[in-house]
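Start at 1 with the first residue, then count along the sequence.
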Amino acid sequence: MKRTRESQALRPPAFGYHAAALPPRPTELYCEAVALEGLAARHATPLYVYSTAMIRARVSAFGQAFRSIPHTLCYSVKANSTLAILRLMIDEGTGFDVVSGGELQRVLRVSRKAASKVVFSGVGKTAAEMELALRSGILLFNIESASELSLLSAIATRLKKRAAVAVRVNPDVSAKTHPYISTGLHQHKFGVPISEARTLYAQAAKQPYLKVAGVSVHIGSQITDVGSFQSALERVADLVRALREQGHDIRYIDAGGGLGISYEGAQKSFDKQIAAYARAVLGPLRGLKLHLLLEPGRSIVGPAGVLLTRVLYRKTNNRKRFLIVDAAMNDLLRPSLYGAYHEIVPVSRNSRETEITDVVGPICETGDFFARDRKLPLVSEGGLLAILDVGAYGAVLGSNYNTRGRPAEVLVNGAKSKVIRRRESLQDQMRMEKV
Ligand code: LLP
């Protein structure tokens with residue numbers, strides 16, 4: 001494989017077109033040094049493919065951008081919770097943000113030691129989940145209501161285990177993102193208004209088995225205007241100063257996740273983007289001695305994954321064209337649920353001709369689409385497409401709707417690839433049922 005002049009990066013360092021020999025232009029889509037046609041032939045489609053190099057590069061870019069302050073990257077497990085991805089994060093030195101006992105169990109399954117870098121977020125933690133988290137010795141509970149605080153105190157007292165707590169505040173800042181994934185306005189269910197947070201800290205400080213340790217905030221996801229982070233952290237910084245004056249020992253600020261990625265058009269340099277994000281987060285914290293926690297999900301794994309799908313049929317209804325592919329909304333829900341845009345590219349570029357077409361799945365719902373009226377290179381039946389930027393909130397949002405098994409997942413590392421989750425069989429799907 002020649003990878004000098006004949007390559008064209010789509011999502012560097014993970015995905016790009018390369019030429020096998022010396023044709024006029026690069027035509028074959030690769031993940032690192034592995035041809036995606038080959039993976040689809042070996043493992044069938046639909047197939048999720050992830051790049052190790054991309055994940056490593058992004059974790060390390062976070063480390064660089066925040067090197068001026070003690071910090072821990074707590075990768076947000078909800079974005080992609082496949083065990084091998086969590087393993088990779090541990091190898092890269094990250095901690096984790098979990099929102100359920102199930103996510104915590106996944107982390108523990110990979111490494112019991114990892115618990116010491118786990119933060120537990122979420123508005124509806126159950127008693128059993130709190131007990132599991134306390135017994136495994138997690139770093140921090142992000143508390144979202146007065147009732148949750150009393151339940152945690154009761155459980156911690158019963159177990160005689162001290163729980164480190166932060167109150168997740170709702171800063172009433174707009175994240176300027178899709179309303180379903182915006183969380184930092186007072187009308188959202190998340191967090192505690194800053195004015196009420198102080199009462200919670202006072203209550204927490206009186207509990208023998210609670211240790212006030214931090215303040216946390218998360219205003220939403222897919223945020224591209226870093227000014228929103230800055231506004232939120234300015235309010236958090238004021239609160240930290242006020243709490244310290246009242247004698248609370250605030251060691252941690254958990255700035256949440258939410259940094260957006262470019263799903264469309266020209267890819268911005270991640271180094272530049274993360275530097276701007278770091279300035280927005282760190283500016284307001286200047287002068288406050290603390291340990292920063294960050295909970296990124298999408299910005300680390302989003303561009304590291306593609307979904308490979310084959311064109312089953314071409315179809316024209318009146319003048320409208322459809323590519324019916326073998327992946328569906330059960331495999332990747334984002335377009336159907338949020339109207340999200342994902343770039344779609346042919347795995348082999350052998351036609352210069354284009355067409356305007358919908359790309360749809362086989363499920364019996366009009367909402368089962370990946371693209372509408374999209375200009376795409378002409379792809380014939382049997383041709384392979386790659387849906388880009390599905391490493392975050394892709395496989396994890398999958399379901400068995402229409403009794404479709406979840407796709408297999410493959411992790412590429414250089415010239416090597418391995419199946420990290422096998423395709424779900426019909427037997428897998430029916431084994432919990434009785435006739
Ligand atoms: N921390 C907390 C408390 C969160 O709720 C979230 C995401 C994150 C961290 C990670 O945010 P990220 O860095 O990935 O933006 N399914 C939606 C996204 C839901 C995000 C939910 N919370 C989507 O596909 O766009």
Side-chain angles (χ1 to χ4, degrees), residues 43 47-52 54-56 58-59 62 72-122 124-142 152 155-156 159 161 163-164 254 257 293-298 300-302 304-305 331 390-400 405-413 416-425 427-432:
H43 304 293
L47 184 71
Y48 274 100
V49 181
Y50 308 118
S51 156
T52 302
M54 175 73 93
I55 293 172
R56 285 199 179 130
R58 290 189 160 230
V59 170
F62 262 94
T72 305
L73 210 59
C74 294
Y75 165 69
S76 193
V77 172
K78 66 173 79 67
N80 186 323
S81 55
T82 309
L83 296 177
I85 300 292
L86 303 185
R87 168 88 262 163
L88 179 53
M89 297 299 169
I90 288 175
D91 292 346
E92 294 305 299
T94 78
F96 297 97
D97 156 48
V98 301
V99 290
S100 69
E103 284 189 352
L104 177 55
Q105 296 279 22
R106 280 185 172 271
V107 171
L108 297 176
R109 165 84 195 279
V110 180
S111 159
R112 296 214 74 88
K113 281 197 298 197
S116 63
K117 287 198 210 171
V118 166
V119 299
F120 193 175
S121 311
K125 301 177 195 77
T126 65
E129 288 174 325
M130 288 177 180
E131 183 162 342
L132 170 71
L134 278 168
R135 286 189 191 280
S136 32
I138 68 161
L139 177 67
L140 190 66
F141 286 84
N142 285 329
L152 180 64
I155 296 173
L159 298 179
K161 290 206 181 285
D254 181 342
L293 303 171
L294 295 162
E295 304 174 355
R298 185 192 321 258
I300 291 187
V301 291
D331 304 306
V390 299
Y393 310 111
V396 283
L397 281 170
S399 76
N400 290 125
R406 286 178 175 78
E409 295 170 52
V410 167
L411 180 63
V412 168
N413 185 6
K416 294 203 195 100
S417 67
K418 68 173 179 207
V419 176
I420 55 172
R421 190 179 202 273
R422 70 161 168 79
R423 190 172 300 284
E424 203 173 14
S425 68
Q427 215 178 1
D428 291 331
Q429 282 192 66
M430 293 196 278
R431 72 167 181 245
M432 281 161 310

Minimum heavy-atom separation for Val98 and Glu103, please, with both atom names. CA-OE1, 3.3 Å
Mind checking the CD1-OG spacing from Ile138 to Ser116? Nearest 0.5 Å is all I need. 11.0 Å
Which pairs pass salt bridge (Lys or Arg N to Asp or Glu O under 4.0 Å) with one or both residues in residues 74-99, sequence neighbours excluded? Arg56-Glu92, Lys78-Asp97, Arg87-Asp91
What residues, two or more places apart in sequence or in another chain, satisfy salt bridge (Lys or Arg N to Asp or Glu O under 4.0 Å) together with Glu129? none
Look up atom CG in Leu140 and atom OG in Ser121, then write down how far apart they are to the nearest 0.5 Å. 8.0 Å
Would you give the length of the straight line joining atom CD of Gln105 to atom OG of Ser81, rounded to the nearest 0.5 angstrom? 13.0 Å
Please verify the inter-ring angle class for Phe120 with Phe141; under 30° counts as parallel, over 60° as perpendicular, anything in between as tilted. tilted
Per side-chain contact (heavy atoms from CB on, under 4.5 Å), Ile55 is matched among Ile300, Asn413, Thr94 by Ile300
Does Tyr75 reach the main-chain N or O of Asn80 with its side chain, forming a donor-acceptor pair under 3.5 Å? yes
Over all heavy atoms of both residues, which pair between Lys125 and Asn142 is shortest? Give the atoms and the distance, please. NZ-O, 2.6 Å
Smallest heavy-atom separation, Thr72 atom then Gly95 atom, equals CG2-N, 4.3 Å
Distance-only criterion, 3.5 Å: show the donor-acceptor pairs between side-chain atoms of residues 107-114 and protein atoms not counting sequence neighbours.
residue, atom, partner, partner atom, Å
Ser111, OG, Lys113, N, 3.3
Ser111, OG, Ala114, N, 3.2

Measure the spacing between CG of Leu293 and NZ of Lys117 and express it to the nearest 0.5 Å. 11.0 Å
Residue pair Val410 / Val419, side-chain heavy-atom distance below 4.5 Å: yes
Can you tell if the side chain of Asp428 reaches within under 4.5 Å of the side chain of Arg423, non-hydrogen atoms only? no
Provide the closest heavy-atom pair for Leu104 versus Ser136 in the form atom of the first, atom of the second, distance. CD2-OG, 3.7 Å
Can you measure from OG (Ser399) to CZ (Arg406) and round to the nearest 0.5 angstrom? 6.5 Å
Any side-chain to backbone donor/acceptor pair from Arg421 onto Thr82? Under 3.5 Å, distance only. no
Side chains of Tyr50 and Val301: closer than 4.5 Å at any heavy-atom pair? no
Determine whether Ser417 and Val412 satisfy the following criterion, side-chain contact (heavy atoms from CB on, under 4.5 Å), listing intermediate values before the conclusion. CA-CA 4 Å; Ser417 67; Val412 168; 4.0 Å; yes
What I'd like to find out is whether the side chain of Leu134 reaches to under 4.5 Å of the side chain of Leu152, using heavy atoms alone. yes
If I take atom CG from residue Leu397 and atom CG from residue Asp331, how far apart are they, to the nearest 0.5 angstrom? 11.5 Å
I'd like to check Leu411 versus Thr52 (side-chain heavy atoms, cut-off strictly below 4.5 Å). Are they in contact? yes
Find out whether Glu131 and Arg135 are in side-chain contact, i.e. whether some heavy atom of one side chain is under 4.5 Å from a heavy atom of the other. yes
